[in-house]
Trainee: 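Take a look at this one; I'll ask things after.
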Amino acid sequence: MDDIRQGIILKGVGGFYDVLDSVSGQVYNCRVRGIHRKEGGVTPLPGDNVTFKVIDEKDRTGFVDRIGERKNEFARPPVANIDQLAIVLAVRCPEPDLGLADKLLITCEAKDISPLILVNKIDLDEDGSAEYIGKIYRKAGYRVILISKVLDVGYDKLHQELKGFRTAFAGQSGVGKSTILNRILNNWAMETGEVSERIQRGRHTTRHVQLFELDVGGFVLDTPGFSAYSVCDVQHTELASYYPEFREVIGECRFTSCSHISEPGCRVRELVEKGKVDAERYKRYVQFYRELKEAYDNRYRR
Ligand code: GDP
């Protein structure tokens, strides 16, 4: 009988894929079966759950047999099946871009990804920014961790929150994504990549998207490239459904097509007035709604 194994693609370089055997924990360097390519099959991505066959046990080579259905996928960086996004903000240096954080949260809601907010550099906090940011997002129902490499706080909590998830990192440049990732990789990454590192060494110099397995289970994605998100593929009419703090009253407004901006009898605005929804986050909602609607209204214009 064929020895078909289950695995996950850790990285792909020039048509070769490092596949982590889910049972043995060994990494196999795999090509994609010729027939799969001829049939117009999808190109494998890091993060893909695959079945594969071993060609040579000693050399740890094989070929990818089948690519499992994807929960989500991204072009930049090229990766599939992300289930947690760590959204990194700094209290300052650079000033926190809460609009970007909100957009990343919308993307998470739309792509079935669990967001985790990291408020970094709290050692630089002089005016209570960390608590202010934390409060906004906790109120919306999100998990928030305050973190600082200088004070050495938040990292243990982060370690626990990574458990079992496939986590990518996003945020403005300079907020500390690389610093946090390095700390994770140096302390909590398994040595699973070792075999394939040896195979690849010297052949390629550029950095590729790579998943690293964690000692607590789960993976982190080694790429700081998750910053260029947009909400372009979200419809303005659906925008409100991506705000968890609106959800309890959605569908209860006087008008079924309520945009939650100016219509009478709007239950979302009622929540804002009562202070149950953060007023600043609501203001940014209104702005995104207008941006998306304008793009929609102009969709046939050039
Ligand atoms: P990235 O662009 O998001 O990857 O950010 P980096 O990891 O390169 O960090 C940008 C700068 O912030 C570097 O100089 C880091 O040393 C610094 N940094 C990272 N974490 C902290 C922190 O907790 N506190 C302070 N004060 N600086 C930090």
Side-chain angles (χ1 to χ4, degrees), residues 6-22 27-34 36-52 62-88 100 103-116 162 165-173 177-178 180-182 184-185 189-190 192-193 195-197 199-201 203-214 218-234:
Q6 305 281 337
I8 163 169
I9 297 183
L10 300 179
K11 74 171 173 188
V13 179
F16 287 91
Y17 298 90
D18 282 0
V19 178
L20 173 69
D21 184 322
S22 303
V27 175
Y28 291 82
N29 196 241
C30 297
R31 279 180 167 281
V32 176
R33 206 165 52 121
H36 179 86
R37 281 208 304 268
K38 275 196 212 115
E39 284 167 355
V42 278
T43 305
L45 288 174
D48 265 328
N49 298 309
V50 297
T51 58
F52 70 102
F63 63 83
V64 172
D65 184 51
R66 223 172 235 128
I67 298 168
E69 207 176 305
R70 289 172 183 159
K71 169 180 168 172
N72 52 43
E73 62 179 280
F74 298 88
R76 245 171 295 141
V79 67
N81 301 322
I82 291 300
D83 49 23
Q84 177 163 261
L85 189 68
I87 299 171
V88 188
L100 175 64
K103 285 185 181 176
L104 290 164
L105 288 166
I106 291 162
T107 304
C108 286
E109 299 286 340
K111 296 234 185 201
D112 191 18
I113 295 173
S114 235
L116 172 66
L162 296 174
F165 283 109
R166 295 179 186 182
T167 305
F169 289 78
Q172 298 151 267
S173 167
K177 296 180 296 297
S178 313
I180 296 168
L181 254 167
N182 282 334
I184 293 167
L185 293 178
M190 306 277 282
T192 35
V195 176
S196 55
E197 287 309 324
I199 296 169
Q200 303 288 348
R201 188 164 300 151
R203 272 203 281 158
H204 304 279
T205 46
T206 42
R207 245 181 75 190
H208 293 270
V209 173
Q210 181 162 1
L211 273 77
F212 286 90
E213 193 177 17
L214 298 172
F219 297 83
V220 289
L221 184 65
D222 179 20
T223 172
F226 256 80
S227 52
Y229 272 98
S230 72
V231 282
C232 288
D233 52 356
V234 169

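In this chain, numbering begins with 1 at the start of the sequence shown.
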Trainee: Looking at every heavy atom in both L100 and G171, which two are closest together, and how far apart are they?
Mentor: CD2-C, 4.2 Å
Trainee: Measure across D48 and G68 and return the closest heavy-atom pair with its distance rounded to 0.1 Å.
Mentor: OD1-O, 4.4 Å
Trainee: Let me see the working for L116 and T167 under side chain to side chain contact (heavy atoms under 4.5 Å, CB included), right down to the final yes or no.
Mentor: CA-CA 9 Å; L116 172 66; T167 305; 5.8 Å; no
Trainee: Kindly indicate whether the side chain of V234, heavy atoms from C-beta on, has any atom under 4.5 Å from the side chain of I106.
Mentor: yes
Trainee: Does any part of the side chain of L104, heavy atoms only, come nearer than 4.5 Å to the side chain of P115, both counted from C-beta?
Mentor: no
Trainee: Working to the nearest 0.5 angstrom, can you tell me the gap between F212 CZ and F219 CZ?
Mentor: 11.5 Å
Trainee: Can you tell me how far apart SG (C108) and CG (D83) are? Round to the nearest 0.5 Å.
Mentor: 10.5 Å
Trainee: What is the distance from atom OH of Y17 to atom OG1 of T43, rounded to the nearest 0.5 Å?
Mentor: 6.0 Å
Trainee: Are any of the side-chain heavy atoms of F74 and N72 separated by less than 4.5 Å?
Mentor: yes
Trainee: Is any side-chain heavy atom of L45 closer than 4.5 Å to one of I9?
Mentor: no
Trainee: Using every non-hydrogen atom in the two residues, find where P46 and P78 come nearest and quote the distance to one decimal.
Mentor: CD-O, 3.5 Å
Trainee: Would F16 and R31 count as a side chain to side chain contact (heavy atoms under 4.5 Å, CB included) here? Give the steps.
Mentor: CA-CA 5 Å; F16 287 91; R31 279 180 167 281; 3.6 Å; yes
Trainee: NZ of K111 to CD of E73: how many Å apart, nearest 0.5 Å?
Mentor: 7.0 Å
Trainee: Less than 4.5 Å apart, any side-chain heavy atom of D21 and any of F52?
Mentor: yes
Trainee: Where is the tightest heavy-atom contact between A168 and I82, given as atom of each residue plus distance?
Mentor: CB-CD1, 4.0 Å
Trainee: Please round to the nearest 0.5 Å and tell me the distance separating atom CZ of F169 and atom CG of L85.
Mentor: 9.0 Å
Trainee: Which heavy atom of A170 sits nearest a heavy atom of K177, and at what distance?
Mentor: C-CD, 3.6 Å
Trainee: Show your reasoning for whether side chain to side chain contact (heavy atoms under 4.5 Å, CB included) applies to N29 and D18.
Mentor: CA-CA 5 Å; N29 196 241; D18 282 0; 2.9 Å; yes
Trainee: Could you walk me through whether T107 and I113 satisfy the side chain to side chain contact (heavy atoms under 4.5 Å, CB included) test, starting with their C-alpha distance in whole Å, then the side-chain angles of each, then the deciding distance to 0.1 Å, before giving a yes or no?
Mentor: CA-CA 8 Å; T107 304; I113 295 173; 5.7 Å; no
Trainee: Tell me the closest heavy-atom pair linking L211 and G47, and the distance in Å.
Mentor: CD1-N, 3.8 Å
Trainee: Restricting to side-chain contact (heavy atoms from CB on, under 4.5 Å), what partner residues turn up for N49, sequence neighbours left out?
Mentor: I8, N81, R166
Trainee: So do V32 and P44 actually touch side chain to side chain, heavy atoms under 4.5 Å?
Mentor: yes
Trainee: To the nearest 0.5 Å, what is the distance between OH on Y28 and CG on L20?
Mentor: 10.0 Å
Trainee: Are Q84 and L162 packed together at the side-chain level, in the sense that at least one heavy-atom pair is separated by less than 4.5 angstrom?
Mentor: yes
Trainee: Report the residues that fulfil side-chain contact (heavy atoms from CB on, under 4.5 Å) with T51, sequence neighbours left out, ordered by chain and then residue number.
Mentor: I4, Q6, D65, R66
